[in-house]
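Down below is the structure, laid out as structure tokens.
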Number of protein chains: 2
Amino acid sequence: MAVEKLSDEERKSWLDALDGWEMAADRDAIERTFKFKDFSEAWAFMSRVALIAESSDHHPEWSNVYNTVEIALTTHDADGLSLRDVKMAKAINAL
Amino acid sequence: MAVEKLSDEERKSWLDALDGWEMAADRDAIERTFKFKDFSEAWAFMSRVALIAESSDHHPEWSNVYNTVEIALTTHDADGLSLRDVKMAKAINAL
């Protein structure tokens, strides 16, 4: 099934509602940085994100340094942001 | 307990023996990229590294994109590479 890039109207309506996420400076992706008390808490969060990623077959580009987790979401099949990224960002925010 | 940066002799003897790790281009750190079959395998590896990190209280700077895991090791308390990084790189290689 083809994955379509978000249209201009969809961007306006969906991205505005995504608390804490911002457009990446250099590509069609959304990013958010999460801070935790320590590595243990950051890892617990990452483990929950990993389960979401695997079960939805949509995987983040992410990095971790001790208590900080940076996540970027984009859809390679759409060559940019798709509804899959919006859904995943919402699911991550709900954790 | 103070953590000391590796001396020149220590670098020579320890770093040469670290299979697959290279000096970072822009700072006193070692880096290695690991490739797996898919996200599930990459995540399993990361989970094992997380346990080593937490139990040794020495945490990597790392990123993951689907089946690829990039790890950088350095010791902030030593402002560069220390024996703790060498030990952790060996433990990761042993996985």
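Model, not experiment: these values are computed from the prediction. Letters A, B, ... are given to chains in the order of the sequence lines, protein chains preceding strands, and every chain is numbered from 1.
- Interface with chain A: from residues 35-44 of chain B, residues B/Phe39, B/Ser40, B/Trp43 qualify, criterion being any non-hydrogen pair under 4.5 Å.
- A search for side chain to side chain contact (heavy atoms under 4.5 Å, CB included) contacts involving A/Thr75 returns A/Val3, A/His58, A/Asp77, A/Ala78, A/Ser82, A/Arg84, A/Asp85, not counting sequence neighbours.
- Hydrophobic clustering (ILVMFWY, side-chain heavy atoms < 4.5 Å, transitive): B/Trp62 and B/Tyr66 are in one cluster.
- At most 12 non-hydrogen atoms from other residues, nucleotides or ligands lie less than 6.0 angstrom from NZ of A/Lys87.
- The environment of CH2 in B/Trp14 is sparse: at most 12 heavy-atom neighbours from other residues, nucleotides or ligands sit within 6.0 Å.
- Residue B/Glu54 qualifies as enclosed at atom CD: its count of foreign heavy atoms under 6.0 Å is above 12.
- In this structure, chain A has no heavy atom under 4.5 Å from any part of B/Thr68.
- Inspection of non-hydrogen atoms places no residue of residues 15-25 of chain B under 4.5 Å from chain A.
- Taken together through direct or relayed side-chain contacts under 4.5 Å among Ile, Leu, Val, Met, Phe, Trp and Tyr, A/Met46 and A/Val65 form parts of separate hydrophobic clusters.
- Cluster membership for B/Phe45 and B/Ile52, using ILVMFWY side-chain heavy atoms within less than 4.5 angstrom, is shared.
- Rounding to the nearest 0.5 Å places CD of A/Glu61 at 9.5 Å from CG of B/Asn64.
- For residues 88-95 of chain B, a heavy-atom distance under 4.5 Å to chain A picks out no residue at all.
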